[in-house]
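Following this message is one structure expressed as structure tokens.
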2 protein chains.
Amino acid sequence: MKISTKGRYATKLMLDLATYNTGSPVSLKDVAKRQDISEKYLEQIISSLSKAGMVRSVRGAQGGYLLTKEPKEYTVGEILEVTEGKIATVDCLRDDGYSCDAKNQCVTIRIWEKINDAVKDVVDNITLQDLLDWQAEGADQYVI
Amino acid sequence: MKISTKGRYATKLMLDLATYNTGSPVSLKDVAKRQDISEKYLEQIISSLSKAGMVRSVRGAQGGYLLTKEPKEYTVGEILEVTEGKIATVDCLRDDGYSCDAKNQCVTIRIWEKINDAVKDVVDNITLQDLLDWQAEGADQYVI
DNA sequence: CTTATTCCTAGTTGTCAAGTAGGAATATAG
DNA sequence: CTATATTCCTACTTGACAACTAGGAATAAG
């Protein structure tokens with residue numbers, strides 16, 4: 001089980017916007033350079049975030065993107081959900097139509113439910129502000 | 001993020017072996033029928049489990065597979081690790097050589113670490129015996 | 001000897017992640 | 001008003017990998 005680059009890049013992207021959250025728009029070019037991610041790919045990723053209303057765009061020269069809320073109001077869970085879709089470890093947990101016909105006889109599903117809950121509990125309780133704080137604390141203590 | 005069929009089938013397979021753990025070998029044919037999984041695919045899956053010493057095989061007619069330990073001694077975590085490989089949500093967490101060069105400046109990695117820990121905490125604390133117990137309790141209470 | 005099984009290796013097929021590519025629309029600066 | 005910087009949109013590409021399928025060799029039971 002993996003979290004794709006899309007979700008991870010989206011998180012880095014949002015953190016970058018939060019870090020450079022001065023009031024004037026931040027261009028993807030800059031984000032791309034700082035985070036070392038293809039600008040074209042970032043365009044696609046931010047498109048989802050923009051459609052979800054999580055960022056606001058300013059077109060044209062000197063344009064870019066801005067957060068629409070305070071960093072503390074974004075959870076990592078939201079960001080991942082918008083970019084990766086529902087975080088379900090297995091299909092039978094999806095609530096979008098598909099469902100396993102043996103759901104009621106299947107004991108193993110309880111494992112996947114527990115995993116899901118545990119993951120959700122983590123990502124729904126980390127905000128962009130937390131990431132900013134961690135950054136401020138200095139990453140030095142996490143060097144290996 | 002997903003858990004592949006391999007890991008899920010392996011879990012079902014092991015649970016089936018635990019359920020029919022009478023002392024005489026259980027054939028994949030029977031497991032395949034009961035769990036509605038391709039027998040050929042099960043062969044591949046159990047091969048990993050067998051190489052890891054988690055099951056013992058008996059060849060020839062009336063052959064099959066047997067657990068080598070008590071159900072309570074198998075964790076779901078082990079089963080998944082053997083069949084899916086290390087459960088790392090992102091590559092930079094793998095401890096097998098590959099590592100992200102920006103590990104020390106990367107704040108987001110702490111998110112993936114926390115997710116990983118949470119998942120591990122779940123799967124390492126569910127044993128086959130737990131699954132047997134859940135089965136015994138009756139799945140009825142989980143019907144939707 | 002026949003049949004039931006595990007064991008082993010090699011395909012196959014489709015899907016999806018992870019981008020790349022190209023250009024249209026829009027705004028700013030000079 | 002023109003050149004430039006940016007977002008916006010859609011389509012394409014490429015490689016990897018999940019999820020099997022296929023075929024047959026080895027082994028044991030009856």
Side-chain angles (χ1 to χ4, degrees), chain A residues 1-13 17 20 24-33 35-66 68 80 83-92 98, chain B residues 1-13 17 20 24-33 35-66 68 80 83-92 98:
Chain A
M1 55 188 279
K2 295 242 171 174
I3 290 178
S4 70
T5 56
K6 211 165 175 181
R8 279 184 286 143
Y9 289 175
T11 309
K12 287 192 170 194
L13 168 54
L17 292 185
Y20 295 89
S24 45
V26 177
S27 77
L28 285 191
K29 199 177 188 176
D30 289 348
V31 178
K33 222 174 287 169
Q35 304 298 329
D36 193 34
I37 303 173
S38 141
E39 189 184 339
K40 278 295 188 184
Y41 195 22
L42 279 181
E43 280 185 16
Q44 288 184 34
I45 293 169
I46 207 159
S47 154
S48 320
L49 296 164
S50 184
K51 277 171 189 149
M54 299 178 71
V55 297
R56 189 164 65 79
S57 71
V58 178
R59 300 182 70 165
Q62 310 304 318
Y65 295 89
L66 295 155
T68 53
L80 293 180
T83 50
E84 304 235 352
K86 274 257 179 281
I87 298 191
T89 43
V90 299
D91 285 339
C92 20
Y98 177 95
Chain B
M1 57 185 277
K2 295 241 171 174
I3 290 178
S4 70
T5 56
K6 208 164 178 184
R8 279 184 287 145
Y9 289 175
T11 309
K12 287 192 170 193
L13 167 54
L17 292 186
Y20 296 90
S24 44
V26 177
S27 76
L28 285 190
K29 200 176 187 175
D30 289 347
V31 178
K33 222 174 287 170
Q35 305 297 330
D36 193 34
I37 303 174
S38 142
E39 189 184 340
K40 278 294 187 183
Y41 195 22
L42 280 181
E43 279 185 17
Q44 289 184 32
I45 292 169
I46 206 159
S47 154
S48 320
L49 296 163
S50 184
K51 277 171 190 151
M54 299 178 70
V55 298
R56 188 163 65 79
S57 71
V58 179
R59 300 183 69 164
Q62 310 305 317
Y65 294 89
L66 296 156
T68 52
L80 293 180
T83 50
E84 304 234 353
K86 273 257 178 281
I87 298 189
T89 43
V90 299
D91 284 338
C92 22
Y98 176 93

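Order of the sequence lines sets the chain letters (A, B, ...), proteins ahead of strands, with each chain counted from 1.
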Worksheet item: Is there a side-chain contact between B:Val31 and B:Val26 (heavy atoms, below 4.5 Å)?
Response: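 A side-chain contact under 4.5 Å exists here.
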Worksheet item: Say you draw a straight line from CG of B:Asp36 to NZ of B:Lys12; how long is it, rounded to the nearest 0.5 Å?
Response: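 Between B:Asp36 CG and B:Lys12 NZ, I get 8.0 Å after rounding to 0.5 Å.
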Fill in: Those residues that, when tested against B:Gln44, pass side-chain hydrogen bond (donor to acceptor under 3.5 Å, both in side chains) (two or more places apart)
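For B:Gln44, no residue satisfies side-chain hydrogen bond (donor to acceptor under 3.5 Å, both in side chains) once neighbours in sequence are set aside.
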Worksheet entry | Interatomic distance, B:Lys33 NZ vs C:dT5 C1' [rounded to whole Å] |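 B:Lys33 atom NZ is separated from C:dT5 atom C1' by 13 Å.
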Fill in: With sequence neighbours excluded, residues passing side chain to side chain contact (heavy atoms under 4.5 Å, CB included) with B:Ser24
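Per chain and number, B:Ser24 pairs via side chain to side chain contact (heavy atoms under 4.5 Å, CB included) with B:Thr22.
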Practice prompt. Provide the start and end nucleotides, 5' to 3', of the part of DNA chain D that has atoms under 4.0 Å from heavy atoms of chain B.
Written response: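 Footprint of chain B along DNA chain D, 5' to 3': D:dA19 to D:dA29.
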N/O to N/O distances under 3.5 Å, protein versus nucleotides 27-30 of chain C:
none

Fill in: Closest contact, heavy atoms only, B:Ala32 versus B:Ser38
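Shortest heavy-atom separation between B:Ala32 and B:Ser38 comes out as CB-C, 4.5 Å.
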Discussion item. Going by side chain to side chain contact (heavy atoms under 4.5 Å, CB included), name the residues that satisfy it together with B:Thr83, two or more places apart in sequence or in a different chain.
Written reply: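 By the side chain to side chain contact (heavy atoms under 4.5 Å, CB included) rule, B:Thr83 matches B:Ala10, B:Ile45, B:Leu49.
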Practice prompt. Would you give the length of the straight line joining atom CG of A:Leu28 to atom CG of A:Leu17, rounded to the nearest 0.5 angstrom?
Written response: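 With rounding to 0.5 Å, CG (A:Leu28) is 8.0 Å from CG (A:Leu17).
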Item to complete: Using heavy atoms and a sub-4.0 Å distance, could you list which residues of residues 45-54 of chain B are near DNA chain D? By number, please.
Response: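 Contacting residues: none.
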Item to complete: Working to the nearest 0.5 Å, report the span between OG1 of A:Thr11 and NZ of A:Lys6.
Response: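 The NZ atom of A:Lys6 is 13.0 Å from OG1 of A:Thr11, to the nearest 0.5 Å.
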Under 3.5 Å, sequence neighbours excluded: what are the donor-acceptor pairs made by side chains of residues 50-66 of chain B?
unit_1  : atom_1 : unit_2  : atom_2 : d
B:Lys51 : NZ     : B:Ser47 : OG     : 3.4

I'd like a table of atom pairs between the protein and nucleotides 11-18 of chain C - only N or O on both sides, under 3.5 Å - with the distance next to each one.
unit_1 : atom_1 : unit_2 : atom_2 : d
C:dA18 : OP2    : A:Thr5 : N      : 2.8
C:dA18 : OP2    : A:Thr5 : OG1    : 2.9
C:dA18 : O5'    : A:Thr5 : OG1    : 3.1

Item to complete: Could you tell me whether the side chain of B:Glu84 and the main chain of B:Ser4 form a donor-acceptor pair under 3.5 Å?
Response: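 At least one qualifying donor-acceptor pair exists.
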Item to complete: Apply side-chain hydrogen bond (donor to acceptor under 3.5 Å, both in side chains) to B:Tyr41 and list each qualifying residue two or more places apart in sequence or on a separate chain.
Response: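 Residues passing side-chain hydrogen bond (donor to acceptor under 3.5 Å, both in side chains) with B:Tyr41: B:Thr5.
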Item to complete: Return each pair, listed once, that meets salt bridge (Lys or Arg N to Asp or Glu O under 4.0 Å) where at least one residue sits in residues 39-48 of chain A; pairs must be two or more places apart or across chains.
Response: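 Listed by first then second residue: A:Lys40-A:Glu43.
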Worksheet item: To the nearest angstrom, how far is A:Glu43 atom CD from C:dG22 atom C1'?
Response: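 Distance check: A:Glu43 CD to C:dG22 C1' gives 11 Å.
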Worksheet item: What's the spacing between B:Leu13 CG and B:Ile46 CD1 if we round to 0.5 Å?
Response: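 The distance works out to 4.5 Å.
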